[in-house]
Number of protein chains: 2
Amino acid sequence: MNASRTARERVRAELIREITDIARRHLATEGATGLSLRAVAREMGMVSSAIYRYFPSRDDLLTALIIDGYNALGEAVERADAACARDDFTGRWLAACRAVREWALAHPHEYALLYGSPVPGYAAPQDTVAPAVRDTAVYGRIVAEAHRAGRLAPPPICPPPPAILAEDAEIVRSLMPDVPDDVVTRAIVVWTGLFGMVSFELFGQFNNTIAHRTELFEHNMTCLGRLLGLPE
Amino acid sequence: MNASRTARERVRAELIREITDIARRHLATEGATGLSLRAVAREMGMVSSAIYRYFPSRDDLLTALIIDGYNALGEAVERADAACARDDFTGRWLAACRAVREWALAHPHEYALLYGSPVPGYAAPQDTVAPAVRDTAVYGRIVAEAHRAGRLAPPPICPPPPAILAEDAEIVRSLMPDVPDDVVTRAIVVWTGLFGMVSFELFGQFNNTIAHRTELFEHNMTCLGRLLGLPE
DNA sequence: AGCGATTAGAGAGCGGTGCTCTTGACGAAA
DNA sequence: TTTCGTCAAGAGCACCGCTCTCTAATCGCT
């Protein structure tokens, strides 16, 4: 009855896991464009057409890898944040930054899949949105809690955001409750600045230019944290 | 003698130009992975193998497009800067930002080729480095001239950069002469922040979140300019 | 226990890709 | 005029995503 049914489903789930594992390995070594269903099938001792029983298309396999990637990155950021004293907001911010960078350096092709050029003709299905903001959610909590604790003192260098941005701030605020609009927009600059930095490093823009990337990253993330208003 | 030789070479150059033109059009519509030598050859009424007389591999064609892209972007930024009053440094900075964003929005696939995930197995040859920094060179001039004019007043929120970063600053200084180390590192954060913003918008990270992207961009670039020390 | 329905794998095949090699034609130089 | 280098063309190799059909195994239910 149910046991036998789950028996078949269990082997199916196991095969799906094995496929994604092999695919992730191929992704890590060959990159996204080098990921081929046929190669995965070959390595599994399967005929290529059999793979389509489990993933109806290459894009579906890619989607699975993207979701896994978002979750892995989000989990890394969550762990880094959790290891900090709750009221050390600057430390939590820097820990989150390091987690993003280190995960990206360790999984460059997966990072490229998440934050690089979108795969053409591929539209991220709805399943990806929840995992996609796991890292951002951690960041939002840090900002919100720092603000609630009265530890956020943004330097008076930015003009107030235009009123029209209040609408967008309303949506972003779901990730950082009770934070005023100007802090929300500032949080966006800072967050995109982090990924701009990581992408530049990973995508080769620093080649032949920046040698001490860890130090530059540390220093720049500190600056961005100060721009956000985090204490020294 | 020489005239006839150039005759042959001229038709060759013309064909190369036609190939890159068609390829750029395909790139714009299909994206990098959809760019196929066979399709270009088909459109030219050539047999596929003939293309290899002009571009020995697909990567070589891609390299040509990358160089063209860097030049087009660099030229757009140069034009935007040139249209500003020389001593309006904030205006020049914002104009450069807008030029980058607008060029990227108009040529998303080319931007992805330049600043997105690197093509796997593809190493940018040396020919690309000079065009690759055309935009950055404009930025460097703005920063250097603003500093020389004494119009750069960085807010006292960043710690001084660690001494080890002086080596990298030395190299970057070739693009912004006579600028002190702390301004150089600040300039890097700001510059990467610009591209982080553009990439987030272009690569879909703002989907379902940010609606008023132009306004957010304007505001954030203003903030980054202030972080750099540009006047109000 | 046996039967019908469902699921899985195998294989052939389609149209596409990058790339290589050979062949034959043509034009410029000797 | 002959020779030599360049070029388009064609066939072909190995790969790709994906579809279809056929067979065999497995499962659910009577």
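Naming: A, B, ... by sequence-line order, numbering from 1 per chain.
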**Request:** Would you check, one step at a time, whether the test ring pair (Phe, Tyr, Trp, His ring centres under 6.0 Å) holds for B:Tyr139 with B:Trp93?
**Result:** CA-CA 7 Å; B:Tyr139 174 63; B:Trp93 153 249; 5.5 Å; yes
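A:Leu15 comes within contact range of the sugar-phosphate backbone alone, with a heavy-atom separation under 4.0 Å but no base atom that close. Contacts of B:Tyr54 with the nucleic acid, taken as non-hydrogen atoms under 4.0 Å apart, involve only primed sugar atoms and P, OP1 or OP2.
Separating the CG atom of B:Leu61 from the P atom of C:dG18 is a distance of 10 Å, rounded to the nearest angstrom. Summarising the geometry, the separation between CZ on A:Arg10 and P on D:dC27 is reported as 11 Å, rounded to the nearest angstrom. When rounded to the nearest whole Å, the span between CD1 of B:Ile51 and P of C:dG18 equals 10 Å. Rounded to a whole Å, the CD atom of B:Glu14 is 15 Å from the P atom of D:dC7. Going from atom CD of B:Glu43 over to atom C1' of C:dT17 covers 17 Å, rounded to whole Å.
Look at B:Arg79 and B:Glu75 and you find a salt bridge, because one of the NZ, NE, NH1 or NH2 atoms lies within 4.0 Å of a carboxylate O, short of that distance. A:Asp181 and A:Arg173 are joined by a salt bridge, as a carboxylate oxygen and a charged side-chain nitrogen come within less than 4.0 angstrom of each other. A salt bridge links B:Arg17 and B:Glu14; the closest N-O separation between the charged side-chain nitrogens and carboxylate oxygens is under 4.0 Å.
Side-chain contact between B:Ser199 and A:Phe195: absent, with no pair of heavy atoms (C-beta onward) separated by less than 4.5 Å. When side chains are defined from C-beta on, B:Phe206 counts as touching B:Met197, because their heavy atoms get closer than 4.5 Å. Considering only heavy atoms from C-beta on, B:Leu105 comes within 4.5 Å of B:Glu201 through its side chain. The shortest distance between side-chain heavy atoms of A:Val184 and A:Glu170 does not fall below 4.5 Å.
Here OH of B:Tyr70 is found 13.5 Å from CZ of B:Arg134. Values are rounded to the nearest 0.5 Å.
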Taking N or O atoms only and anything under 3.5 Å, show me the protein contacts with nucleotides 24-26 of chain C, one pair per line.
none

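B:Thr33 and A:Thr33 share no donor-acceptor pair across their side chains, judged by distance under 3.5 Å alone. A donor and an acceptor atom, one from each side chain of B:His109 and B:Glu30, are nowhere located under 3.5 Å apart.
Put simply, B:Arg12 has no side-chain N or O that comes within less than 4.0 Å of OP1 or OP2 on D:dT6.
Residues of residues 20-29 of chain B that place a heavy atom closer than 4.0 Å to DNA chain C do not occur.
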**Message:** For a quick check, with a 4.0 angstrom heavy-atom cut-off, what is the B/S/- contact string for nucleotides 13-24 of chain D, read 5' to 3'?
**Reply:** ---BBBB-----
